[in-house]
Amino acid sequence: MDNKSIVRKVITGLSIVMIIYMIITVVSASSFTVLVADDFSHGNGVGVFHASLSKYFKASVDYAIKEYKEWQGTYFSMFIQALLSPINNFGLIQLKIVMIFNAIFFFSSFLFWIYTILRKIDNDYKYIKLLLAAISLFLITAFDSYTEIFYWFSGAVSYSFPLSVAMIGIASFILLNDTGKGKYFVITIICGICAMGGSLTVAGAGCYAILMLCVYYFFQEKKFERKNITVFIIYFLGALVNAIAPGNFKRHDVIDDSGIHLFKTIYDSVIIGDGRWQFFFKNTDFVFWMFIIAICGFYVNKKTNNKVNWLRFYMSILGLLVSFVTAFPVAMGYSSSEISSRCAFVIDIGIIVSSFNLMINLGSVLSQVTKISKENLKSILCVAAVICFTLDGFGISNVKTFQISLELIDGTYQQYYESCEKFLDRLSKCEKDTDVIIGANEFPQSIENIYSFYLTEDSANWVNTSVAQYYGLKSIAVVN
């Protein structure tokens, strides 16, 4: 066995091990998710508990319509929020199943999308594909635990679920144009209808991705394909139906009754997008991995000697704007440049995938346009990558998956889950229609890297009233 074969097997083995490790870590930790805040208020809003499937399905549809008219346009998310609501059916067991599925579904969809982007790489370089897949997963799981996505039911159904569906739709749209197979058209359409009914951040990102692909295929084919126009129209209409919901305007009036300010929204979108880019450049070793991805693109294209696709390269540059496009509905809805973890997650996925795509294409371009030898350019890029790696100050102790795995091993997640389970069981046994006061020392202690259960000292706070309503209490509060 020669050295090259050994290197390939090592890269393949390490990549598979890392992919499995990252996915299992997040999936395992997500199984200890507990009910928090909106999980109670939405469940109470549905108002139907332990009903027959047909009756509950109707109640879920009715709730989605109610929310569309009164609070938000996320028709798909509000439907599955109700349909899968743990407090209305099987409690914590159901929550555990849903959150495990959420994590697996997301990673599967993401890898499907990444492998679709890498579909043109020859099968002789499967080990490179595996390496790139491992790097892309690392970029998602290492820098932020995204507690409102993987460890919160309401965040999962409004952001993660529709984003996962959107990624399948976008990947299927690419395969539709590659193969012309009708099944990909059907999948793309179904995914678009569902995904555009999620958070408007997902709808904005999905529409922008489909638009960029339509423009790319137009310049490639020198004409607009009817199937592509149809797909874009459906995605756009889905997002529009979401955006013009009466509930969105009612909710905005509650947050900011001075109206919608377009120029301030654009400004806030830039601030939000820039903030997420700065997060990656200042707090992580993101740049190092970008160099590695570029090296992979350079290496594969140098070996295969493929012609540079300049159109794809230029479009990949435009793809970087997705962070600002995704931030726009957030800035408009909240009239602020402050964002939550769940909104940051969608923007970050856009940054990661668009940067990943650009660096693959940049590596390919450099392999064809530079006169520097393959060995010299690889050396230059490797040295630059090592410099970035040594200067960024980001070490293994900063990696979120590493932190989470340690907390799983030492029982932190398990103990936290048990304390919440006992606390909720205690609430269920309290005398109905009474005022319940909880001492701070009796309340489950929050832990890092999970969206922790919380109540406030104010019994009139909406979180407190939602929990009290579910357990049939007059009020509930936490005191020091």
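Along the sequence shown, the residues carry numbers beginning at 1.
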Answer yes or no: is there a donor N or O on one side and an acceptor on the other, between the side chain of Ser77 and the main chain of Thr74, under 3.5 Å? no
Going by atom types only, do Gln72 and Tyr68 share a side-chain donor-acceptor pair under 3.5 Å? no
Ionic contact status for Lys58 with Asp62, cut-off 4.0 Å: yes
Crowded around Gln278 CD? As in, over 12 foreign heavy atoms under 6.0 Å? yes
When rounded to the nearest 0.5 Å, the distance separating CD1 of Ile19 from CD1 of Ile135 is 10.0 Å
List the steps, then state whether salt bridge (charged side-chain N to carboxylate O under 4.0 Å, His left out) holds for Lys400 with Asp144. CA-CA 6 Å; Lys400 291 299 180 180; Asp144 196 320; over 6 Å; no
Enter the distance from Ile168:CD1 to Thr188:OG1 here, rounded to the nearest 0.5 Å. 10.5 Å
Can you see whether His50 engages Tyr56 through a side-chain donor-acceptor pair at a distance of less than 3.5 angstrom? no
Quick one: does any side-chain atom of Lys432 pair with a main-chain N or O of Tyr471 as donor and acceptor, under 3.5 Å? yes
Which of parallel (below 30°), tilted (30 to 60°) and perpendicular (above 60°) describes Phe49 and Tyr470? tilted
Can you sort out the partners of Phe153 under ring pair (Phe, Tyr, Trp, His ring centres under 6.0 Å), two or more places apart, ordered by chain and number? none
Does the pair Lys181 and Leu176 meet the rule for a side chain to side chain contact (heavy atoms under 4.5 Å, CB included), with working shown? CA-CA 6 Å; Lys181 292 181 179 179; Leu176 168 65; 6.0 Å; no
Work out which heavy atom in Glu407 is nearest to a heavy atom in Gln414; give both atom names and the distance. O-OE1, 4.1 Å
Tyr217 six-ring face occupied by Lys227 cation (under 6.0 Å, within 45°): no
Side chains of Ser341 and Tyr451: do they bring a donor and an acceptor to under 3.5 Å? no
Parallel under 30°, tilted from 30 to 60°, perpendicular over 60°: which one fits the rings of Phe286 and Trp277? perpendicular
Give a yes or no on whether Lys55 atom NZ has more than 12 heavy-atom contacts from other residues, nucleotides or ligands under 6.0 Å away. no
Could you tell me the separation between the CD1 atom of Ile476 and the CG atom of Asn461, rounded to the nearest 0.5 Å? 11.5 Å
Out of curiosity, Met196 CE to Tyr235 OH, how far, rounded to the nearest 0.5 Å? 6.0 Å
Indicate yes or no: does Arg426 engage Glu442 in a salt bridge with an N to O separation below 4.0 Å. yes
Can you confirm if the NZ or CZ of Lys96 lies within 45° of the ring axis of Tyr417 and under 6.0 Å from the centre of its six-membered ring? yes
How far apart are the C-alpha atoms of Thr141 and Thr25, what are their side-chain angles, what is the distance that settles it, and do they pass the side chain to side chain contact (heavy atoms under 4.5 Å, CB included) test? CA-CA 10 Å; Thr141 60; Thr25 298; over 6 Å; no
Between the main-chain N or O of Asp38 and the side-chain N or O of Ser41, is there a donor-acceptor pair closer than 3.5 Å? yes
Let's go through Thr147 and Ser145 carefully: what are the C-alpha distance in whole Å and the side-chain angles of both, what is the deciding distance for side-chain hydrogen bond (donor to acceptor under 3.5 Å, both in side chains) to 0.1 Å, and is it a yes or a no? CA-CA 5 Å; Thr147 58; Ser145 51; 5.3 Å; no
Looking at side-chain heavy atoms only, is the closest gap between Ile360 and Ile293 below 4.5 Å? yes
Take the angle between the ring planes of Phe236 and Phe232 and call it parallel below 30°, perpendicular above 60°, tilted in between. parallel
Please lay out, stage by stage, how Thr456 and Asp458 fare under the test side-chain hydrogen bond (donor to acceptor under 3.5 Å, both in side chains). CA-CA 5 Å; Thr456 71; Asp458 181 10; 5.4 Å; no
Is there a side-chain contact between Ile16 and Leu130, using heavy atoms and a 4.5 Å cut-off? yes
Would the number of heavy atoms belonging to other residues, nucleotides or ligands and lying under 6.0 Å from CD1 of Ile244 be above 12? yes
Near Phe218 CZ, under 6.0 Å, is it more than 12 heavy atoms from other residues, nucleotides or ligands? yes
Just by distance, do the side chain of Asn242 and the backbone of Gly198 share a donor-acceptor pair under 3.5 Å? yes
Would you confirm whether Asn102, through its side chain, and Ser30, through its main-chain N or O, come within 3.5 Å as a donor-acceptor pair? no
Strictly distance-based, threshold 3.5 Å: is any side-chain N or O of Asp425 a donor or acceptor partner for the main-chain N or O of Glu421? no
Please examine the side chains of Ser154 and His42, heavy atoms only from C-beta on, and report whether any two atoms are closer than 4.5 Å. yes
Establish, from distance only, whether the side-chain atoms of Asn464 and Ser459 form a donor-acceptor pair under 3.5 Å. no
Donor-acceptor contact present, side-chain Asn88 to main-chain Val48, <3.5 Å: yes
Are the aromatic rings of Phe150 and Phe107 close, with centres under 6.0 Å apart? yes
Give a yes or no on whether the backbone of Gly155 and the side-chain of Ser158 come within a donor-acceptor separation of less than 3.5 Å. no
Is the shortest side-chain heavy-atom distance between Leu200 and Asn248 below 4.5 Å? yes
Verify ring-ring contact (aromatic ring centres under 6.0 Å, His included) between Phe453 and Phe423, making sure each step is shown before the conclusion. CA-CA 10 Å; Phe453 176 79; Phe423 180 78; 5.7 Å; yes
Fit a plane to each ring of Tyr151 and Tyr413, take the angle between them on a 0 to 90° scale, and name the class: parallel (under 30°), tilted (30 to 60°) or perpendicular (over 60°). tilted
Criterion ring pair (Phe, Tyr, Trp, His ring centres under 6.0 Å) against Phe79, the qualifying member of Tyr63, Phe57, Phe161: Phe57
Asp39-Trp152 side chain donor-acceptor pair, cut-off 3.5 Å: yes
Name the orientation class of the two ring planes belonging to Phe101 and Phe105 (parallel below 30°, tilted from 30 to 60°, perpendicular beyond 60°). parallel
Report the C-alpha separation of Ser475 and Asp435 in whole Å, then their side-chain angles, then the decisive distance to 0.1 Å, and conclude whether the side-chain hydrogen bond (donor to acceptor under 3.5 Å, both in side chains) test is met. CA-CA 5 Å; Ser475 69; Asp435 295 308; 2.5 Å; yes
Over 60° means perpendicular and under 30° means parallel, so classify the ring planes of Tyr146 and Phe345, tilted if in between. perpendicular
To the nearest 0.5 Å, atom OH of Tyr159 lies from atom CG of Leu163 at 11.5 Å
After noting the C-alpha distance and the side-chain angles of Tyr184 and Phe173, does the key distance pass the side chain to side chain contact (heavy atoms under 4.5 Å, CB included) rule? CA-CA 7 Å; Tyr184 291 122; Phe173 184 58; over 6 Å; no
Applying salt bridge (charged side-chain N to carboxylate O under 4.0 Å, His left out), can you list everything that pairs with Glu448, at least two apart in sequence or on another chain? none
Do the side chain of Glu148 and the main chain of Ser340 share a donor and acceptor less than 3.5 angstrom apart? no
Is the shortest distance from a Lys or Arg side-chain nitrogen in Asp433 or Lys474 to a carboxylate oxygen in the other one below 4.0 Å? no
What verdict does the side chain to side chain contact (heavy atoms under 4.5 Å, CB included) test give for Ile140 and Phe110, after you've listed the backbone C-alpha separation in whole Å, the side-chain angles of each residue and the deciding distance to 0.1 Å? CA-CA 10 Å; Ile140 293 174; Phe110 181 77; 3.3 Å; yes
Tell me if a side-chain donor or acceptor on Asn228 pairs with a main-chain N or O of Cys214 at a distance below 3.5 Å. no
